[in-house]
Amino acid sequence: MTGKDKKINTKSDIRVRFAPSPTGYLHIGSARTALFNWLFAKKSGGSFILRIEDTDMERHMEETISLITDSLKWLGVTWDEGPDIGGRFAPYRQSERTAIYNEYAEKLIAAKKAYHCFCSPEKLDDKRKKLAEEELYFKYDRECLKLTEDRILQNIKVGLPFAVRLKVPDDKDIVFKDTVYGEIKVNSNILEDFIIIRSNGRPTYNFSAAVDDILMEITNVIRGEDHLSNTPKQILVYEALKKDIPVFTHLPMILGADGSKLSKRHGSISIEAYRDDGFLPEAIDNYLALLGWAYDEKTTVFSIEELIDKFSIEAINKKPSKFDYEKLLWLNGFYLRSKDDSIITALLSEKLKILGVPVIELNSKLPKIIPLIKERIKTINQAQEIVRPFFFDINYPDDIKDYFSGSAEETKKIIETAAASIAKIKEFTISNIESCLRVLAQGLNISFKKYAETIRAAVWGSKVSPPLFETIEVLGMKTTIERLKQFSSLLIDIL
RNA sequence: GGCGCAUUCGUCUAGUGGCCUAGGACAUGGCCCUCUCACGGCUAAAACAGGGGUUCGACUCCCCUAUGCGCUACCA
């Protein structure tokens, strides 16, 4: 309405959460979910909560928690409350909240909205299988709902293991409005009395997530579309507890290039892997934002600030998207090109140090090298490859003779004249190297194109290289001449 | 099987009944720049899943079909 109603970047009561299960690294899809939650929180001036959903101790792997938090931090997704920093509603690990879930389950039992179930998983399984043979679907038959109070007490007393089931109301339409998918209506009859507390005392997902979202005062639930079908169950928990439901926003899935669920078959799917492969976090963030969201009809590049500024839940679309590695690569290259040389230098230095290049050599060469390769790389790892001949001896490939088009005689002449003339250059500058080589080519009446391809093969061992004169300048007179001679002797063998 | 959701160029998408001869980006082809490769510029090819309605008019609304995906666990 009026300007003062606009609440951007001021504190608001909006509270969102990212709730990963620590079963592995942070993958693409989860990262997108985290990003959208974070963008929404930033945009609305709300709080972003990190909660670890580790209720299944068998699947849970402790080490992966730091894997996930490290990746989030790398992406720039920061949290206001979480397991490591605490907050008003601590603890933020569900494994530390078992007593809370049990307390709420007890309340529900007392209110006759949930009940003890002594059926063993094996027994249930048998029933399921039997019905499956007739192509029928098993829905829990409420056997334990019929148990008398005395019987239940007796069972508990003798130590019979039990789970707790939520009593799902009969024939009730569960309706909610998803901000992306619109109104969703499901009849409760298709739902069984699902388990909320397992026989080991731990809650199941649909219960712990709902309870925590209530307790942590989550206002907006933003998560993957795979949870859309679970939402009615959680709403039932909200209703049983007499609480208002939050605003639900489900995000379309991210699929592999072939349209199937994104998996290792499709290449790297962990954020960690992209970091190791030399991607920039801003490129990943930007790319992820484009999956299921668009600002207008032409903009594709967004800085984090622009993303926060322009992001809106309303603009999220419903269509599942396929992960396009090529486009990510292009974006990363784009960001790399826009970066200050010093940033690329720092990133590349790290990689090169590991390969054993002395820091002093790095410091002297890299400032000259970066401008030469900046427009030729899409990742830092590609930079590492491209830059190799500047730091290590080269091996000529077996098909090296296909790299130049002249005759053996001609090639030999080119190499020899070059070696002799280059050795005489007084000041080893780019322009002196250029004029030296151009004069040589002219003198031999050879096109410079052809001349250059031969020199390139000799000093770089490849058909492609960074710009020749600049490359030679960085290599230095000594190395250049050594390579020309090395190449020359090789020529004798292959011609 | 049941329930739910989706369907615009190869891919990400714009499009909310006439602005659409459907726009942009990546990828692809061509041209230019050029010592190679890139970068950059120009340019080309490329889509409304199918069938019914509704309407003067449908990419846009409704129905059906097809296809895909998700949920249907004492996984999350």
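A note on names: the letters A, B, ... follow the listed sequences, proteins ahead of strands, and every chain is numbered from 1.
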**Q** In whole angstroms, how far is the C1' atom of B/G70 from the CZ atom of A/Phe248?
**A** 17 Å
**Q** Mind listing the residues from residues 282-293 of chain A sitting with a heavy atom below 4.0 Å of RNA chain B? Number order is fine.
**A** A/Leu290, A/Leu291, A/Gly292
**Q** My understanding is that only residues two or more places apart in sequence, or in another chain, count here; which of them pass side chain to side chain donor-acceptor pair (under 3.5 Å) with A/Lys368?
**A** A/Glu473
**Q** List in chain and number order the residues that pass salt bridge (charged side-chain N to carboxylate O under 4.0 Å, His left out) with A/Asp296, two or more places apart in sequence or in another chain; answer none if no residue qualifies.
**A** none
**Q** Decide, yes or no, whether a salt bridge links A/Lys463 with A/Asp399 under the criterion of side-chain N to carboxylate O below 4.0 Å.
**A** no
**Q** Check whether any side-chain nitrogen or oxygen of A/Thr55 sits under 4.0 Å from OP1 or OP2 of B/A76, and answer yes or no.
**A** yes
**Q** Going by heavy atoms closer than 4.0 Å, what residues in residues 117-141 of chain A are next to RNA chain B?
**A** A/Cys119, A/Ser120, A/Pro121, A/Arg128, A/Tyr137
**Q** Show me, pair by pair, the donor-acceptor contacts under 3.5 angstrom made by side chains of residues 371-378 of chain A, not counting sequence neighbours?
**A**
residue  : atom : partner  : partner atom : Å
A/Lys374 : NZ   : A/Lys339 : O            : 2.7
A/Lys374 : NZ   : A/Asp341 : OD1          : 2.7
A/Arg376 : NE   : A/Leu372 : O            : 2.8

**Q** Hey, does A/Asp226 reach any base, or is it just sugar-phosphate, or nothing, if we go heavy atoms under 4.0 Å?
**A** sugar-phosphate
**Q** Can you list, by residue number, the residues of residues 317-332 of chain A that have a non-hydrogen atom closer than 4.0 angstrom to RNA chain B?
**A** A/Asn317, A/Lys318, A/Lys319, A/Pro320, A/Ser321, A/Lys322, A/Asp324, A/Glu326, A/Lys327, A/Trp330
**Q** Using purine N1 to pyrimidine N3 plus N6-O4 or O6-N4 for Watson-Crick, or N1-O2 and O6-N3 for G-U wobble, each under 3.5 Å, what pairs with B/U21?
**A** none
**Q** Kindly say whether, by distance alone, the side chain of A/Arg337 makes a donor-acceptor pair under 3.5 Å with the base of B/C39?
**A** no
**Q** Would you say the side chain of A/Ser229 and the base of B/C3 hold a donor-acceptor pair, judged only by whether the two atoms sit under 3.5 Å apart?
**A** no
**Q** Does A/Arg438 have a side-chain nitrogen or oxygen under 4.0 Å from the phosphate oxygens OP1 or OP2 of B/C35?
**A** yes
**Q** Under the side chain to side chain donor-acceptor pair (under 3.5 Å) criterion, do A/Tyr274 and A/Asn332 qualify, and how do the steps go?
**A** CA-CA 11 Å; A/Tyr274 285 95; A/Asn332 203 60; over 6 Å; no
**Q** Run through A/Thr231, A/Thr249, A/Asn37 and flag the one making a side-chain hydrogen bond (donor to acceptor under 3.5 Å, both in side chains) with A/Arg223.
**A** A/Thr231
**Q** Any side-chain N or O of A/Arg376 under 4.0 Å from OP1/OP2 of B/G40?
**A** no
**Q** When we call it a touch if two heavy atoms are under 4.0 Å apart, what does A/Lys261 touch: a base, just sugar-phosphate, or nothing?
**A** sugar-phosphate
**Q** Could you measure between the two P atoms, the one in B/C26 and the one in B/C39, and give it in whole Å?
**A** 10 Å
**Q** Would you mind reading off the distance between A/Lys374 atom NZ and B/G40 atom P, rounded to a whole angstrom?
**A** 13 Å
**Q** For A/Arg142, does its backbone N or O pair with a side-chain atom of A/Asp193 as donor and acceptor, under 3.5 Å?
**A** no
**Q** Just by distance, do the side chain of A/Thr179 and the backbone of A/Phe248 share a donor-acceptor pair under 3.5 Å?
**A** yes
**Q** Can a donor-acceptor pair be found, under 3.5 Å and without considering hydrogens, that links the side chain of A/Thr204 to the backbone of A/Ile195?
**A** yes
**Q** Rounded to the Å, how far apart are A/Phe334 CZ and B/A38 P?
**A** 19 Å
**Q** Describe the nucleic acid contact of A/His250 in one word from base, sugar-phosphate, nothing, applying a heavy-atom distance below 4.0 Å.
**A** nothing
**Q** Could you pull out the protein-nucleic contacts involving nucleotides 44-49 of chain B (nitrogen or oxygen on both sides, under 3.5 Å)?
**A**
none

**Q** With both distances under 3.5 Å as the test, what is the Watson-Crick or G-U wobble partner of B/C5?
**A** B/G68
**Q** Mind checking if A/Pro20 touches a base, just sugar-phosphate, or nothing, with heavy atoms under 4.0 Å?
**A** nothing
**Q** Output, in order, the C-alpha distance, side-chain angles, deciding distance and verdict of ring pair (Phe, Tyr, Trp, His ring centres under 6.0 Å) for A/Phe448 and A/Phe469.
**A** CA-CA 13 Å; A/Phe448 184 71; A/Phe469 318 124; 5.8 Å; yes
**Q** Rounded to the Å, how far apart are A/Asp258 CG and B/C12 P?
**A** 12 Å
**Q** What does A/Ile195 touch in the nucleic acid at a heavy-atom separation under 4.0 angstrom: a base, only the sugar-phosphate, or nothing?
**A** base
**Q** If you look only at pairs with a residue in residues 230-239 of chain A, which of them pass as a salt bridge (Lys or Arg N to Asp or Glu O under 4.0 Å), with sequence neighbours excluded?
**A** A/Lys172-A/Glu239
**Q** Base, sugar-phosphate or nothing for A/Glu434? Non-hydrogen atoms, less than 4.0 Å.
**A** nothing
**Q** Let me know the distance between CD1 of A/Ile422 and C1' of B/C35, rounded to the nearest Å.
**A** 14 Å
**Q** Starting at atom CG of A/Leu255, determine the distance to atom P of B/C12, rounded to an integer number of angstrom.
**A** 9 Å
**Q** Could you measure between the two P atoms, the one in B/G29 and the one in B/U54, and give it in whole Å?
**A** 48 Å
**Q** Within the 4.0 Å heavy-atom criterion, would you say A/Phe194 contacts the bases, only the backbone, or no part of the nucleic acid?
**A** nothing
**Q** Are A/Leu468 and A/Trp460 close enough, and set up right, to give a side chain to side chain contact (heavy atoms under 4.5 Å, CB included), and what steps lead you there?
**A** CA-CA 9 Å; A/Leu468 231 209; A/Trp460 202 253; over 6 Å; no
**Q** After noting the C-alpha distance and the side-chain angles of A/Tyr287 and A/Phe323, does the key distance pass the ring pair (Phe, Tyr, Trp, His ring centres under 6.0 Å) rule?
**A** CA-CA 10 Å; A/Tyr287 180 70; A/Phe323 186 77; 5.4 Å; yes
**Q** Is it true that the NZ or CZ of A/Lys365 lies under 6.0 Å from the centre of A/Phe391's six-membered ring and within 45 degrees of the ring axis?
**A** yes
**Q** Quick one: ring pair (Phe, Tyr, Trp, His ring centres under 6.0 Å) partners of A/Tyr92, sequence neighbours excluded?
**A** none
**Q** Hunt down the Watson-Crick or G-U wobble partner of B/U34, both distances under 3.5 Å, from any strand shown, or write none.
**A** none
**Q** Please list every donor-acceptor pair under 3.5 Å in which a side-chain atom of residues 123-136 of chain A meets a protein atom from a residue at least two apart or in another chain.
**A**
residue  : atom : partner  : partner atom : Å
A/Lys123 : NZ   : A/Glu143 : OE2          : 2.8
A/Lys127 : NZ   : A/Asp141 : OD2          : 2.7
A/Lys127 : NZ   : A/Glu143 : OE1          : 2.7

**Q** Using whole Å, what does the distance between atom C1' of nucleotide B/U34 and atom CD of A/Glu453 come to?
**A** 14 Å
**Q** Scan the side chains in residues 436-444 of chain A for donor-acceptor partners under 3.5 Å anywhere in the protein, sequence neighbours excluded, and list what turns up.
**A**
residue  : atom : partner  : partner atom : Å
A/Arg438 : NE   : A/Glu434 : OE2          : 2.8
A/Arg438 : NH2  : A/Glu434 : OE2          : 3.0

**Q** Which of these nucleotides, B/A73, B/C35, B/C5, is closest to any side-chain atom of A/Tyr181?
**A** B/C5
**Q** Base, sugar-phosphate, or nothing for A/Thr204, non-hydrogen atoms under 4.0 angstrom?
**A** sugar-phosphate
**Q** Using nucleotides 60-62 of chain B, report all nitrogen or oxygen pairs with the protein that are shorter than 3.5 Å.
**A**
none

**Q** Rounded to whole angstrom units, what separation is found between the CG atom of A/Asp193 and the C1' atom of B/C74?
**A** 14 Å
**Q** Start with the C-alpha gap between A/Phe36 and A/Phe311, add the side-chain angles, then the distance that decides, and say whether ring pair (Phe, Tyr, Trp, His ring centres under 6.0 Å) holds.
**A** CA-CA 9 Å; A/Phe36 279 31; A/Phe311 182 77; 5.2 Å; yes
